[in-house]
Participant: 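Sharing a structure below in structure tokens format, with a few things to ask.
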Protein chains: 2
Amino acid sequence: MHSFTEENYLKTIYYLATRQQGEVTTNALAEMTATKAASVTDMLRKLADKQLIHYRKYQGVRLTSEGERLALKIIRRHRLWEVFLVDKLGFGWDEVHDMAEELEHIRSDELVERLDKFLEHPQFDPHGDPIPTTAGAMPQTGYRKLSEVAAGESVCVMGVLEHSPEFLQHLNRTGLTLGCSITLREINAFDKSLLVQIQPESTLFVSHDVARNLLVEGE
Amino acid sequence: MHSFTEENYLKTIYYLATRQQGEVTTNALAEMTATKAASVTDMLRKLADKQLIHYRKYQGVRLTSEGERLALKIIRRHRLWEVFLVDKLGFGWDEVHDMAEELEHIRSDELVERLDKFLEHPQFDPHGDPIPTTAGAMPQTGYRKLSEVAAGESVCVMGVLEHSPEFLQHLNRTGLTLGCSITLREINAFDKSLLVQIQPESTLFVSHDVARNLLVEGE
DNA sequence: TCTAAAATTTAGACTTGCCTAAATTTTTTG
DNA sequence: CAAAAAATTTAGGCAAGTCTAAATTTTAGA
Ligand SMILES: [Mn+2]
Ligand SMILES: [Mn+2]
Ligand SMILES: [Mn+2]
Ligand SMILES: [Mn+2]
């Protein structure tokens, strides 16, 4: 069995590995887990002993296939619980992360599979993130960042890259929630801010900081 | 904030205090928590420091009102999660205890209140145990043990005192599940076993060991 | 390429929760 | 009521996960 802490490290390594190439560094892990580099080194030695990561001193780490399998299992749990909290209990998408962070560690495969069935096998969590399959596959989405869309294109908001309550609440206020159809009217060359049409009658300014954290699906 | 371990000790002290009079002893706690007396003593000192129990060396312990409030809060969570697992996910009453044992420690009052609403404010858990109120009151039931019922009486099965999967599965097999109406036909003076009528056409032998763990409600 | 800065690891320590063995207190019993 | 037994606490230690400070390795810059 694995501790909460080990599970959180595996998930964090997976997360960091997907948004960069090469090995995940000690300092990056220390920052994400809000601990110190020395503590990370201790844990890396332990995860390496358990064959969950490939680790060479000073060279960073990479998940083994067993480590990745475990990471995906925790991510599956996390995202299913988030769906439960939003769809069944009525929480907002900005409120569920911390609870799911705890619920993901409840140790029962049967529980997860029954929850999945109860939720009618959702494909995406409330933030648009794909839910890994029982078999441990992470479904790929072809989403682009809104910041990479060309002027004139019409797209649908499908997910977010930033999960902080502050960002999600900002989206709530501006109306840029999942499923929302928008057309990109102008791109401001100076600060890369966007003018998007959100309703036939209403347009909205979107900063580059927001645009590069919004995932959209082409026309 | 309190650790899982502290919460489990408080719940155990509450449990032991309700089924005996006077203070709860170190050895009783060691047995229930499957640890050693020396470990219990360590934890008692810590809980006393936090003013959650009244503790005098060698004299046993008693919950403070704050300790009891916390214990009831954990019990409320435990029982609500059990209702969720049985009513919504379709688990059997013999399968849910260990999962609820973990779920009860998820730290969010809002989550518990929303779960309570989602479950439509249940009064009892799948084992017939009353669910403490948000305010921290434990509803009292007037149930008697089946072993204390007189021959000739008709009663309804309302709860169990023993929660082991083995006992619950035994009840499943014999048909003595919650809500079941039975009439006590005979009491065997030798071994206190019972002959109960469970259907107009069928009767059943019930050992004293089973009867003293079954809670029933008078005619 | 050699050195200074940055990144990482090691050393030594702390807290929590647990253990065994030994000491102490309480309870029981002859 | 004194001795033996039972219950409880104390002493000393261990593993997990964290920290700070110091040492080491890698990287980057002149
Ligand atoms: Mn977590
Ligand atoms: Mn999510
Ligand atoms: Mn528990
Ligand atoms: Mn129960």
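We name chains A, B, ... by the order of the sequence lines, and we start the count at 1 in each one.
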Participant: What is the distance, rounded to the nearest whole Å, between atom CG of B:Asp49 and atom P of C:dT15?
Facilitator: 14 Å
Participant: Round to the nearest Å and state the distance from B:Tyr9 atom OH to C:dC18 atom P.
Facilitator: 5 Å
Participant: Any idea which of C:dT8, C:dC19, C:dT26 is nearest the B:Asp42 side chain?
Facilitator: C:dC19
Participant: Under 4.0 Å from OP1 or OP2 of D:dT9: is there any side-chain N or O of B:Thr41 that close?
Facilitator: yes
Participant: Any base atoms under 4.0 Å from B:Thr5, or only sugar-phosphate, or nothing? Heavy atoms, all strands.
Facilitator: sugar-phosphate
Participant: Out of D:dT8, D:dT10, C:dT10, which nucleotide sits closest to the side chain of B:Tyr58?
Facilitator: D:dT8
Participant: In whole angstroms, how far is the P atom of C:dT10 from the CE atom of A:Met43?
Facilitator: 16 Å
Participant: Expressed as a whole number of angstroms, how long is the span from A:Arg45:CZ to C:dA11:C1'?
Facilitator: 12 Å
Participant: Please report, rounded to the nearest Å, how far the P atom of C:dC14 is from the NZ atom of A:Lys36.
Facilitator: 17 Å
Participant: I want to verify a distance call: between C:dT9, C:dT20, D:dT8, whose nearest atom is closest to the B:Thr26 side chain?
Facilitator: D:dT8
Participant: Pick the closest DNA chain D nucleotide for A:Glu6 and for A:Ala38 by heavy atoms, then say which residue is nearer the 5' end.
Facilitator: A:Glu6
Participant: For A:Tyr55, report the nucleic acid contact type (base, sugar-phosphate, nothing); a contact means any heavy atom under 4.0 Å.
Facilitator: sugar-phosphate
Participant: Looking at C:dC19, C:dT26, C:dT9, which one has an atom nearest to any side-chain atom of B:Gln59?
Facilitator: C:dT26
Participant: Do the rings of B:Phe118 and A:Phe84 sit parallel, tilted or perpendicular, given the 30° and 60° boundaries?
Facilitator: perpendicular
Participant: Under the salt bridge (charged side-chain N to carboxylate O under 4.0 Å, His left out) criterion, do A:Arg56 and A:Glu23 qualify, and how do the steps go?
Facilitator: CA-CA 10 Å; A:Arg56 290 192 350 271; A:Glu23 328 292 294; 5.2 Å; no
Participant: Nearest of D:dA7, C:dT8, D:dT18 to any side-chain atom of A:Asn27?
Facilitator: C:dT8
Participant: Does the plane of the ring in A:Trp81 sit parallel, tilted or perpendicular to the ring in B:Trp81? Use 30° and 60° as the thresholds.
Facilitator: perpendicular
Participant: Nearest whole angstrom, please: distance from the P of C:dA23 to the NZ of B:Lys57.
Facilitator: 16 Å
Participant: Rounded to the nearest angstrom, tell me the gap between atom CD in B:Glu31 and atom C1' in D:dT8.
Facilitator: 16 Å
Participant: Expressed as a whole number of angstroms, how long is the span from B:Glu23:CD to D:dT8:P?
Facilitator: 12 Å
Participant: Please work out whether the ring planes of A:His105 and A:Phe4 are parallel, tilted or perpendicular, with thresholds of 30° and 60°.
Facilitator: parallel
Participant: With a 4.0 Å limit, can you tell me whether A:Ser39 has a side-chain N or O closer than that to the phosphate oxygens OP1/OP2 of D:dC19?
Facilitator: yes
Participant: Pick one: which of A:Asp109, A:Leu111, A:Leu115 meets side-chain contact (heavy atoms from CB on, under 4.5 Å) with A:Arg77?
Facilitator: A:Asp109
